Amino acid sequence: MKRRVAPVRVEAAVHPVVVLAAVAAGAGLLTWFAAGRSKPLGHAAGGRSYSPRGREVTASAAQRLNHASTMLAASVLFDSGLEHYRGQFFNRAMYTPIVVSSVILAASLHGAGDTDPGSSRVRHGVQALAGLTGLIGFGFHAYNVGKREGGYSFQNLFYSAPIGAPMALTLAGVLGVIAERVRDADPDEPRLGGLPAGRSLAVATAGMLAGTTLEAGLLHFRGAFQNPAMFVPVTLPPLAAALLVRAATKPEGASQSGAKWGMWAVSAMGVGGVAFHGYGVARMMGGWSNWRQNLIDGPPLPAPPSFSGVALGGSRPSNSSNAAASASDPKDHHASETGPLSGLRRAREARRPVLERQDPRGFGGTARHRT
């Protein structure tokens with residue numbers, strides 16, 4: 001008769017979350033160093049050569065888009081980390097968004113500090129991979145909801161995997177890809193997808209705001225809008241998106257101040273949302289003294305900044321172009337315009353040749369005018 005031996009349990013010396021964090025950090029560092037070596041410095045892609053002012057404007061606009069992508073990637077990293085940790089990483093695919101968001105965060109941070117023209121092949125590839133990963137994650141979450149009893153009912157949409165959450169990773173990737181395309185764009189006529197860059201970016205940002213609002217609305221509806229402030233994320237972003245679409249239809253030279261202030265309001269709302277969610281955590285049993293449980297089960301702290309990241313994608317590029325236009329001619333009346341559309345238009349005007357002629361008033365100086 002064989003003697004039965006109890007199985008030996010081997011406990012890991014290091015917590016799996018620590019290993020995951022190390023892998024994510026290592027992937028991010030590798031991406032950072034690879035991004036800096038993936039393009040020739042000082043030249044745009046394809047060997048094209050632009051004027052110094054043209055390079056300055058396109059690189060600055062791309063940096064602002066990288067800022068937006070950075071905020072979105074950070075939001076996805078911490079939010080997916082908390083949510084998937086709560087799910088105990090039941091499916092091994094749940095590790096994927098943490099590693100990918102770490103990589104895209106490193107790529108976006110690298111792009112935010114890159115003042116050189118021309119895109120980076122590594123950054124471009126990483127951003128595209130992140131966008132694809134978000135779409136695949138959306139498929140996983142949709143399958144998770146649909147396989148439950150009752151299918152796509154409100155009950156399952158409320159309490160199963162958040163169906164729209166993975167799309168935040170896709171949005172971060174889209175903004176990063178746009179940033180690389182802007183670096184390669186012709187400064188005299190920046191275009192994205194065959195359309196004027198400013199209008200394309202405005203419409204894309206409006207669509208991103210609409211999708212983010214739907215996800216926030218679903219979760220706040222689950223919370224029965226018990227706090228009146230919960231109505232803000234489902235009312236302010238659609239209004240700002242409408243202002244962006246309206247700005248996209250305006251003729252050149254029209255003021256875009258409404259779109260600009262709408263984007264800044266949404267950005268502020270995202271930052272303020274973290275404080276409101278922190279208050280929600282404090283109201284739970286044990287409050288912050290029981291943070292280990294309440295951070296996981298309470299309102300997600302990293303979620304609201306996703307609004308800020310999307311809004312920065314629609315507002316930041318205009319600011320850099322404003323600076324270029326103002327630097328070229330402080331008296332140019334177009335420099336007073338604001339908004340995501342007028343910025344890239346003024347960038348084109350800022351690079352028109354500036355000629356000098358004798359001052360007609362006879363003071364012996366020169367006057368400047370545009371051709």
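What you see below is based on every heavy atom in this structure, not just the backbone, and it leaves out hydrogens, waters and symmetry mates. Here, residue 1 is the first one in the sequence, and each next residue gets the next number. Since this is a predicted model, take the numbers as computed values, not measurements.
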Minimum heavy-atom separation for [X] to [Y], with atom names?
{"X": "Leu77", "Y": "Ser102", "result": "CD1-OG, 3.4 Å"}
{"X": "Ala128", "Y": "Val177", "result": "N-CG2, 3.8 Å"}
{"X": "Leu218", "Y": "Leu157", "result": "CD2-O, 3.8 Å"}
{"X": "Ala216", "Y": "Val234", "result": "C-CG1, 4.4 Å"}
{"X": "Pro166", "Y": "Pro162", "result": "CD-O, 3.6 Å"}
{"X": "Asn144", "Y": "Ser160", "result": "OD1-CB, 3.5 Å"}

Considering residues at least two apart in sequence or located in another chain, which fulfil the side-chain contact (heavy atoms from CB on, under 4.5 Å) criterion with [X]?
{"X": "Leu236", "value": "Val232, Ala265, Val266, Met269"}
{"X": "Thr70", "value": "Leu105, Ser108, Leu109"}
{"X": "Ala229", "value": "Asn227, Phe276"}

[X] versus [Y]: any side-chain heavy-atom pair under 4.5 Å?
{"X": "Pro300", "Y": "Leu82", "result": "no"}
{"X": "Pro233", "Y": "Phe307", "result": "yes"}
{"X": "Pro299", "Y": "Val281", "result": "yes"}
{"X": "Glu215", "Y": "Thr212", "result": "no"}

Hphob cluster co-occupancy, [X] + [Y], side-chain heavy atoms under 4.5 angstrom:
{"X": "Trp264", "Y": "Leu239", "result": "no"}
{"X": "Val145", "Y": "Phe138", "result": "yes"}
{"X": "Tyr159", "Y": "Phe221", "result": "yes"}
{"X": "Leu301", "Y": "Trp291", "result": "yes"}
{"X": "Val76", "Y": "Met167", "result": "no"}

When rounded to the nearest 0.5 angstrom, what is the spacing between [atom1] in [X] and [atom2] in [Y]?
{"X": "Gln293", "Y": "Met284", "atom1": "CD", "atom2": "CE", "value": "7.0 Å"}
{"X": "Leu65", "Y": "Leu201", "atom1": "CG", "atom2": "CG", "value": "6.0 Å"}
{"X": "His220", "Y": "Arg222", "atom1": "NE2", "atom2": "CZ", "value": "9.5 Å"}
{"X": "Leu169", "Y": "Ile98", "atom1": "CG", "atom2": "CD1", "value": "11.5 Å"}
{"X": "Ile178", "Y": "Asn66", "atom1": "CD1", "atom2": "CG", "value": "11.0 Å"}

Within the side chain of [X], is there an N or O that forms a donor-acceptor pair under 3.5 Å with the backbone of [Y]?
{"X": "Ser69", "Y": "Ala172", "result": "yes"}
{"X": "Tyr95", "Y": "His84", "result": "no"}
{"X": "Arg183", "Y": "Gly111", "result": "yes"}
{"X": "Ser75", "Y": "Met71", "result": "no"}
{"X": "Gln127", "Y": "Leu175", "result": "no"}
{"X": "Glu180", "Y": "His124", "result": "no"}

### Query
Which pairs pass salt bridge (Lys or Arg N to Asp or Glu O under 4.0 Å) with one or both residues in residues 146-159, sequence neighbours excluded?
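Pairs touching residues 146-159 that pass the test: none.
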### Message
For residues 73-91, which residue pairs pass the salt bridge (Lys or Arg N to Asp or Glu O under 4.0 Å) check, not counting sequence neighbours?
### Response
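As it turns out, the salt bridge (Lys or Arg N to Asp or Glu O under 4.0 Å) pairs with a partner in residues 73-91, which skip direct neighbours, are Glu83-Arg86.
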Tell me whether the count of non-hydrogen atoms from other residues, nucleotides or ligands lying under 6.0 Å of [atom1] in [X] goes above 12.
{"X": "Phe158", "atom1": "CZ", "answer": "yes"}
{"X": "Arg283", "atom1": "CZ", "answer": "no"}
{"X": "Tyr152", "atom1": "OH", "answer": "yes"}

### Message
Between Val122 and His110, is the side chain to side chain contact (heavy atoms under 4.5 Å, CB included) condition met? List the steps.
### Response
CA-CA 11 Å; Val122 170; His110 186 277; over 6 Å; no
### Query
Taking only residues two or more places apart in sequence or in another chain, which ones pass ring-ring contact (aromatic ring centres under 6.0 Å, His included) with Phe231?
Phe225
### Query
Would you call the rings of Phe89 and Tyr85 parallel, tilted or perpendicular if under 30° counts as parallel and over 60° as perpendicular?
perpendicular
### Query
Quick one: which of Arg199, Met263, Lys260 gives a side-chain contact (heavy atoms from CB on, under 4.5 Å) with Leu244?
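It is Met263; the other options fail the test.
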